[in-house]
Each structure stands twice: as C-alpha cells, then as structure tokens.
Amino acid sequence: MKLFIGIDLGTSSMKLLLMDENGAILNIVSRDYDLEFPRPGWSQQNPEDWKKALFDGMPELLDGFDAASVAGIGCGGQMHGLVVLDEQDNVIRPAILWNDGRTAEQVEYLNNVIGREKLSALTANIAFAGFTAPKILWMREQEPENFARIAKIMLPKDYINYLLTGVHACDYSDASGMLLLDVEHKCWSEEMLSICGVSRSQMPALFESYDCIGTVKPDIAAALGLPAGVKVAAGAGDNAAAAIGTGIVGEGGCNISLGTSGTVFISSRSFGVDPHNALHAFAHADGGWHLMGCMLSAASCNKWLMEDILRTDDYAAEQAAITDDRLGENHVCFLPYLMGERSPINDTNTRGTFIGMTMDTTRADLVQAVLEGVAFAIRDSVEVARSLGIAIPSSRICGGGAKSALWKKIMANVLGITLEIPASEQGPGMGGAMLAMVACGVYPTVEAACAQLVHVSSVVEPDAELTAKYEKRYAQFKKIYPACKELFAAMAKE
C-alpha cells in the first residue's frame, strides 16, 4: 500500500503526518521552533529552523514503517510570509510572517494611493498588513541593499518544497494571499509586480495545489530516508489545506479554524469578491475559489493568557470552572486583537483589551472572556458573509482550540449554527497528504479524495436560550472597537 506524507508548516511548529491511501493516519511527529519579535508588532522566523525541523522529524516519522512505500508529499503552510532568496538560493533575511504588523505605512500607500478599487480589480483583494506585497515594499524602502539581492520571492511552504525538489513553485491558494496574483485569472498581475518593483522572473512558477511540481532530489531523499522518485505536490496555504483536510470543497462548505490565527473559510466553485473587501477572495486548493475571514490572534490569545499571564499550562483545569450556568452571563469582555487585526476591520493599531472588570471579577471570568471574545471576532466575519447572502447553517471546525469542548460549545452558540467535528483533527497535514494522493493519481480529483477520506465524528448543536443570551453579548462586543478605535490610533503614535 502506498504511503503519503503531509507537512503542516505552522507558526510555532512543524507537524509531519504519515497516512496510507485509505486515509489511516499512521504516525504524527512535531517539532517546535521559535518566533522572533524584534519590535512590538513585528514577527519573523528563520527558515533554517523549518529546514532543521523537517530533517530532524522525518526519520522519526518513518521509523518502523516501510519508507519505500512513500509515494508523495504535500505541504500546507503558514501563508503570506516573505521568504527572499539570492542568486545562490540562500535566504537573505529572516522571513517576515503573516502576523507581522510593521507595514502600516505600506498598506496605507497601497490602499489609499494606489487605491482599494484598483487593488481589488487587479487582485480581488485590498492590502492588509499581513499580506506579502506590503512586506516587499517595506523591504524596498527599509532594506534596499537586501532588496537588491532578491532573485526569488517565495512563501514559507514553497521554501520547503524548494528544499525537497529544487523547484521554485507556488500554488494558487497561497499565492492569492500575496496581493500579487490576479486571483480570477490565476496568473501574476504584471501591474502589481511593477508597483512593488519586482519582475516575473523573481516569482515562482504557478500550479494548482494538487499538481506535481517535481520529485524529491536524490541527495535529499537519502538524507530524509525516502525512496527515489517521491512526488511533491504544489501544496496549499494552511487554511486551504485545512479545508481539504476537513472536506470543505465545492460549493458552499464552511470551515472554522481555531489555530494561532482564526479563520472562516467558505468554498465556492465560482469566483466571487466581497464588494467591501472585508473578506479575502482567494483561489482554493480544489481548483475553485473561496472567501475567507482571518483574525490574527485566536487560540494564541488563550495561550497568551494561560502561559504568559496566569503561568499555567493546565488549560482543562482553568476551563473546568466555567460551568454551563456562567455561559452568556459574563460581564467581562475581551477584544482579541493582540497583534492588531485583519478581518474584517483591517487595523494594525488595534490592541487586545479587557473591559467590564470589577472587584469581584475572577480568574475564570477572564478565561471565559478570552474564549468568548475570539468567538465574537469569528462571528464578525460570519456576519459579513451573511450580508452577502451566503447561508451558513453549519460549519466544520478544526485547529488546536477546537479540542476544547467548552470552546466549541461557546462557538456554536455565539454563531447560532451546528458545528461538525471531523474524525481527524489534522487539518493542514491531512490536507497536504490528500493533495499528494491526487498528484500521484490515487484519486482523480480533490473532491473525490474528500468524499472518500473525510468523515464527521460528532456535532455540537446550539441551544436556543443560550444563543439568545450570546446575541446580547455580541451586540455589546460590536460597540467596543468603534469606541476605542481613535484611542488605539493615538497610542500607536506615541
């Protein structure tokens, strides 16, 4: 039986997944690495750490299994990160990540000088701080010597694919988040490249996510313990890969991801744009398109509170105090904007905020407020989709935060929809492996692979009474950011 490897290149760790062609997950290996925060709001990472994680983890992944049966590899990776290579394919500087907020001036220039309407016409999106194009402009202005050395511009998972194959490639789903791709026609926008001062020769070749871009180089295969001729799929951005891993393909499916960031992902067979550009319009890994809302800090808000503030890693114990009678009754509210925010407010200045605390506010109130605040922010993007006439009666849910039964219950009732929990929680890694299966011809299409391999294990239904309570809390939540917006902007100038 053929085996397939899925790589989930996350923000804080790389997860390697070994799966057979029937969808059975045989082994999972994880390797952590650090993030660098050189200044407030900045976030970067050394691509060498990704390489080390890959070469260190792969032998352990394959230990005890028939490595000769490995046929394909697919990667789902953190999106938007700027990886720049020189003519010798050496990394020029640390990768500037998706949650980096240093590009406020460049975003302002793109949206207000180049213009939102023009950007949307060229790329189906407007500029957000996390996108790659503003980072390129920042590098051109702030690091001209490094900028002059750029021979190739890549995204994080594409650097992993380059290490494996020697091919500079990118798939349409990941390229959609660069603000350099004509998403509707699936080609680089020559005008956007010109605006950023780069050429097509500096860009990777474009592929569908399930296309084979090449095979693992012989020396790399030997170092990783892989057989010769292993095919490598183009892969996908992590959210598109997670959608594949949770079976969200074709028309009208929805997936909510509670990872480091939080996303609402709505798949479509046809191209469409949110006229207000509050939701991103991207290509999907199944060959179609999707709309997506992305908040920058989701499960990372809970991690911050637990580990940095409360100094505990016992998440379950902290949540145990939040009993059913407390839900919808919390008078403390939390804005989950620890890294600024993307969808739908697009504001790098906004910050995380607790409001409503009193002398009797408890530790559990704060924990609950963080869980609810993230759910409210996810609902902000859901409401934008609903305003476009998109019905969302139910959604799949994945990500580290989705392991919490309490958080899933809060989310179902804040949104007022049924949540479906996939049998496998390995969204991006499983999606990557499934794309590799299609690249190797095991399945004819991504939709066929999803129909065969993805299953729902359980559902969480909303409760009408609790949903009504959260409706009132959400109405309060929506007023907090507008009330604080000018203050956040003033504080950012200090």
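Every value quoted in this text rests on a predicted model; they were computed, and no experiment measured them. Atom set for the values below is all heavy atoms of this structure, side chains included, hydrogens, waters and symmetry mates excluded.
- Residue pairs satisfying the salt bridge (Lys or Arg N to Asp or Glu O under 4.0 Å) criterion with at least one member in residues 261-277, sequence neighbours excluded, are listed as follows: Arg269-Glu447.
- The closest donor-acceptor contact from the side chain of Asn161 to the backbone of Ala234 lies under 3.5 Å.
- For the residue pair Asn125/Thr123, the side-chain donor-acceptor check at 3.5 Å is not satisfied.
- For the 3.5 Å distance criterion, the side chains of Glu307 and Thr312 fail to qualify, holding no donor opposite an acceptor.
- In this structure, Glu36 and Ser43 have side chains that are not in contact, with every pair of non-hydrogen atoms separated by 4.5 Å or more.
- Put simply, NE2 on His80 and CG on Leu155 are 9.0 Å apart, with the number rounded to the nearest 0.5 Å.
- Counting heavy atoms from C-beta outward, Leu366 and Met357 have side chains that approach closer than 4.5 Å.
- When side chains are defined from C-beta on, Cys333 counts as touching Ile480, because their heavy atoms get closer than 4.5 Å.
- Here OG of Ser176 is found 6.5 Å from CE of Met79. Values are rounded to the nearest 0.5 Å.
- Between Phe334 and Trp304, the two ring planes are parallel [angle under 30°; tilted spans 30° to 60°].
- Residues Lys157 and Asp238 are not paired through a salt bridge, judged by the lack of any N-O separation under 4.0 Å between the basic side chain and the carboxylate.
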Let me check something: any side-chain donor-acceptor pairs from residues 106-114 under 3.5 Å, sequence neighbours excluded? List them with distances.
from   : atom 1 : to     : atom 2 : distance (Å)
Gln106 : NE2    : Glu141 : OE1    : 2.7
Glu108 : OE1    : Asn112 : ND2    : 3.3
Glu108 : OE2    : Asn112 : ND2    : 2.8
Asn111 : OD1    : Ala127 : N      : 2.9
Asn111 : ND2    : Ala127 : O      : 3.0
Asn112 : OD1    : Arg116 : NH1    : 2.7

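- Inter-residue side-chain proximity for Val198 and Ile136 is flagged as met; some heavy-atom pair is nearer than 4.5 Å.
- Atom CD of Glu117 has 12 or fewer heavy atoms from other residues, nucleotides or ligands within 6.0 Å.
- At most 12 heavy atoms of other shown residues, nucleotides or ligands fall within 6.0 angstrom of atom NZ in Lys303.
- Counting only residues at least two apart or on different chains, the side chain to side chain donor-acceptor pair (under 3.5 Å) pairs with a member in residues 388-399 are Arg396-Glu420.
- Annotation: the span from Gln142 atom CD to Arg102 atom CZ amounts to 9.5 Å, rounded to 0.5 Å.
- With rounding to the nearest 0.5 Å, the separation of SG in Cys301 from CE in Met295 is 5.5 Å.
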**Request:** Decide ring pair (Phe, Tyr, Trp, His ring centres under 6.0 Å) for His284 and Tyr172; before the verdict, give the C-alpha distance in whole Å, the side-chain angles of both, and the deciding distance to 0.1 Å.
**Result:** CA-CA 7 Å; His284 190 9; Tyr172 296 119; over 10 Å; no
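- Between Ser189 and Asp182, the side chains place no donor N or O within less than 3.5 Å of an acceptor N or O (distance only, hydrogens not considered).
- Each side chain to side chain donor-acceptor pair (under 3.5 Å) pair with one or both residues in residues 474-486, not counting sequence neighbours, appears once here: Asp347-Tyr481, Asp380-Tyr474, Arg473-Gln476.
- Aromatic ring orientation, Phe128 versus Phe131: tilted (interplanar angle from 30° to 60°).
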**Message:** Using the rule given for side chain to side chain donor-acceptor pair (under 3.5 Å), can you reason through Asn413 versus Thr467, listing the C-alpha separation, both sets of side-chain angles and the distance that settles it, and then say yes or no?
**Reply:** CA-CA 5 Å; Asn413 285 282; Thr467 296; 3.3 Å; yes
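- To the nearest 0.5 Å, the span separating CD1 on Ile390 from CG on Leu291 amounts to 5.0 Å.
- Atom CD1 of Ile397 and atom OG of Ser257 lie 8.5 Å apart (nearest 0.5 Å).
- Sorted by first and then second residue, the salt bridge (Lys or Arg N to Asp or Glu O under 4.0 Å) pairs involving residues 361-379 (not counting sequence neighbours) are Glu318-Arg363, Arg326-Asp365, Arg379-Glu383, Arg379-Glu471.
- For the pair Ser173 (side chain) and Gly237 (backbone), a donor-acceptor distance under 3.5 Å is present.
- Under the 3.5 Å distance criterion, the side-chain polar atoms of Thr353 are matched with a main-chain donor or acceptor of Arg351.
- Around atom NZ of Lys15, no more than 12 heavy atoms belonging to other residues, nucleotides or ligands sit under 6.0 Å away.
- Under 3.5 Å, the side chains of Gln319 and Gln368 contain no donor-acceptor pair of N or O atoms.
- The backbone N or O of Gly352 sits nowhere less than 3.5 Å from a side-chain atom of Tyr337 that would complete a donor-acceptor pair.
- For the pair Lys186 and Trp289, the cation sits on the ring face: its NZ or CZ lies under 6.0 Å from the ring centre, inside 45° of the axis.
- The shortest side-chain heavy-atom distance between Leu16 and Ile28 does not fall under the 4.5 Å cut-off.
- For the pair Leu97 and Leu82, the minimum side-chain heavy-atom distance is 4.5 Å or more.
- Two residues are said to be in side-chain contact when any heavy atoms from C-beta on lie closer than 4.5 Å; Thr418 and Pro462 meet this criterion.
- Here the side chain of Trp407 pairs a donor or acceptor atom with the backbone of Leu371 at under 3.5 angstrom.
- The salt bridge (Lys or Arg N to Asp or Glu O under 4.0 Å) pairs that include a residue from residues 252-267 number zero, where partners must be two or more places apart or lie in different chains.
- For the residue pair Thr11 and Trp98, a side-chain donor N or O sits within less than 3.5 Å of a side-chain acceptor on the partner.
- With contacts defined as side-chain heavy-atom distances shorter than 4.5 Å, the pair Val249/Ser267 does not qualify.
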